[in-house]
Chemist: 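Could you have a look at this structure, given as structure tokens, before my questions?
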Protein chains: 2
Amino acid sequence: MVARRAVKIELTRDMIMNAARDLFVEKGYQHVSMRQIAKKLNYSHGAIYYHFKNKAELFYALVEKHFLMLDQTIDEIVNQDTDDEEKLRQMCLGFIEFGLTHQSHYEIMFLVKEEEVRNFMNEGPMKTYQKFAKQVSSLSEKQISIQEVWSLFLSLHGFVTHYIRHITTFNEVKGAAEFHVEMVLKWTRN
Amino acid sequence: MVARRAVKIELTRDMIMNAARDLFVEKGYQHVSMRQIAKKLNYSHGAIYYHFKNKAELFYALVEKHFLMLDQTIDEIVNQDTDDEEKLRQMCLGFIEFGLTHQSHYEIMFLVKEEEVRNFMNEGPMKTYQKFAKQVSSLSEKQISIQEVWSLFLSLHGFVTHYIRHITTFNEVKGAAEFHVEMVLKWTRN
DNA sequence: TCCATTAATTAACCACTGTTCAATTATTAC
DNA sequence: GTAATAATTGAACAGTGGTTAATTAATGGA
């Protein structure tokens, strides 16, 4: 009958989101229950519903957060003091590094299939991609079509997706990443 | 109280596998229940257990079957009576088509993270990739390195992976696929 | 001090799931 | 026609899940 822990810090949205992120990454949206998240935090599952309307909303909050991070990464690279070709290279490598460093975030952003969740978030990925595309387009040596940028993006996506499967750090595949980026960037040159 | 339909054809492994395939493609492994499969066939769910030990065995029977199909697809394309460049194009498109047509199987073959699932089918993807790589290498106009083939494969993989997220049929993205393949094949030319 | 508010617990509800199994029926072999 | 066998049914079991609601405890201000 002991409710409300005395000494313990109160449950916060952030605490829930952190625990949930780890579990979602480890098992995927469908295989994570509210009860599991609560257990990880040593709280009851009901408590989560005090902070989030339901499972989908909790998940969506995570996705939004991670998109902001990627947005910032892109901004930082664009504002670097280097020439355009190097910026392009850094953008592509930066994208891969982000994906492999924040595997959890990447999965949530680009790999989750569940309709229930995707209904919530349709603009998110698109806005981030548009930022990416705009930069690639303006940094490219030659005039590059929308379709070409899309192919470029998908190719980077393929790299990340594959290496995410084996729990690899970015450093372990840095060489391969650089090679892949170099291949892809051929499309941006005359 | 009427068991065993009089007129109806008897339930077979093949019938079950066909119904299951459709559902798995439509909804993914997790979201398909034995009851749904049975319903689609107008049989009771118990009947399936007479033909398959359990859901996993039914699924793996399908996966195996479709690995064979991918292998055959590659073979057929290679044995076509066209020039090498066209064969290459067909190989790449064939791979994408396969991925988008058998989404659930593609996921297991190339996207599933759980070791538990991957353990009993580790040679599968590798053998198929090696066949693919060997053919790309020998059909390529210019001498192409192992790394270059790998980049090519990852780029196709990225295409499939992305469109698998949205429940898209191959036909809906055929144009995009052809463009993507054209981009990727630039790497094989001088 | 009292009391409204906030935060957390727990039980309960309902809709599922994979799987097993006794009972039932249809088919076949004799 | 009968007995043996094969195929099918549907109930039952044991879980799991998301979600809600009643309830309890801590907190801070009047």
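Proteins get letters first, then strands, A, B, ... in listed order; numbering begins at 1 in each.
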Chemist: Between A:Ile48 (CD1) and C:dT10 (P), how many Å, whole number?
Modeler: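 Answer to the nearest Å: 14 Å.
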
Chemist: Would you mind telling me which of C:dT10, D:dG18, C:dT20 lies closest to the side-chain atoms of A:Arg35?
Modeler: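 That would be D:dG18.
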
Chemist: Taking the cut-offs as 6.0 angstrom to the six-membered ring centre and 45 degrees off its axis, would you call B:Lys127 and B:Phe67 a cation-pi pair?
Modeler: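 Judged by the rule, B:Lys127 and B:Phe67 form no cation-pi pair.
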
Chemist: Could you check how far NZ of A:Lys55 sits from P of D:dT16, rounded to whole Å?
Modeler: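 Interatomic distance, NZ of A:Lys55 to P of D:dT16: 15 Å.
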
Chemist: Would you mind reading off the distance between A:His31 atom NE2 and D:dG15 atom P, rounded to a whole angstrom?
Modeler: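 It works out to 19 Å between those atoms.
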
Chemist: Take atom NZ in B:Lys186; do more than 12 heavy atoms of anything else shown fall under 6.0 Å from it?
Modeler: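 It does: B:Lys186 NZ has more than 12 such atoms within range.
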
Chemist: On the nucleotide C:dA8, are OP1 or OP2 found under 4.0 Å from the side-chain N or O atoms that A:His51 carries?
Modeler: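 Yes, within the criterion.
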
Chemist: Test salt bridge (charged side-chain N to carboxylate O under 4.0 Å, His left out) on B:Glu76 and B:Lys87 and set out the steps.
Modeler: CA-CA 10 Å; B:Glu76 275 165 31; B:Lys87 280 183 186 171; over 6 Å; no

Chemist: Would you say B:Tyr50 places a side-chain N or O within less than 4.0 Å of OP1 or OP2 belonging to D:dA7?
Modeler: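 Yes, such a contact exists.
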
Chemist: Starting at atom NZ of B:Lys39, determine the distance to atom P of C:dT17, rounded to an integer number of angstrom.
Modeler: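 From B:Lys39 NZ to C:dT17 P: 10 Å.
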
Chemist: So, B:Lys142 and B:Glu148, do they make that salt bridge, N to O below 4.0 Å?
Modeler: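 Yes.
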
Chemist: Atom CZ of B:Phe52 to atom P of C:dT20: distance rounded to whole Å?
Modeler: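 Checked: the CZ to P distance equals 15 Å.
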
Chemist: From the list C:dA12, D:dT8, D:dA11, which nucleotide is the closest neighbour of the side chain of A:His45?
Modeler: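 Closest of the options to the side chain of A:His45: C:dA12.
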
Chemist: Do the side-chain N or O atoms of B:Ser33 get closer than 4.0 angstrom to the phosphate oxygens (OP1, OP2) of C:dT17?
Modeler: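 Yes, B:Ser33 has a side-chain N/O under 4.0 Å of OP1/OP2 on C:dT17.
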
Chemist: Mind calculating the distance between CD (B:Gln30) and P (D:dG17) to the nearest angstrom?
Modeler: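 These atoms are roughly 12 Å apart.
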
Chemist: When the distance from OH of B:Tyr49 to P of C:dT20 is rounded to whole Å, what number comes out?
Modeler: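 Taking OH of B:Tyr49 and P of C:dT20, I get 7 Å after rounding.
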
Chemist: The side chain of B:Asn54 lies closest to which of these nucleotides: D:dT20, C:dT9, C:dT19?
Modeler: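 From the listed options, C:dT19 comes nearest.
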
Chemist: Where the side chain of B:Met34 is defined as all heavy atoms beyond and including C-beta, which of D:dG18, D:dT9, C:dT19 is the nearest nucleotide?
Modeler: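 Minimum distance to the B:Met34 side chain belongs to C:dT19.
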
Chemist: Heavy atoms from C-beta onward define the side chain here; which of C:dT19, D:dT8, C:dA8 lies closest to that of A:Ser44?
Modeler: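 Side chain of A:Ser44 sits closest to C:dA8.
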
Chemist: Applying side chain to side chain donor-acceptor pair (under 3.5 Å), name anything that partners B:His180, two or more places apart in sequence or on another chain.
Modeler: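 Side chain to side chain donor-acceptor pair (under 3.5 Å) list for B:His180, sorted by chain: A:Ser151.
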
Chemist: Counting the atoms with a prime plus P, OP1 and OP2 as sugar-phosphate, which does B:Gln36 contact under 4.0 Å by heavy atoms, base, sugar-phosphate, or nothing?
Modeler: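 Sugar-phosphate: the residue B:Gln36, judged by heavy atoms under 4.0 Å, touches backbone atoms but no base.
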
Chemist: Between atom CZ in A:Arg13 and atom P in C:dA7, what is the gap in whole Å?
Modeler: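 Going from A:Arg13 (CZ) to C:dA7 (P), I get 12 Å.
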
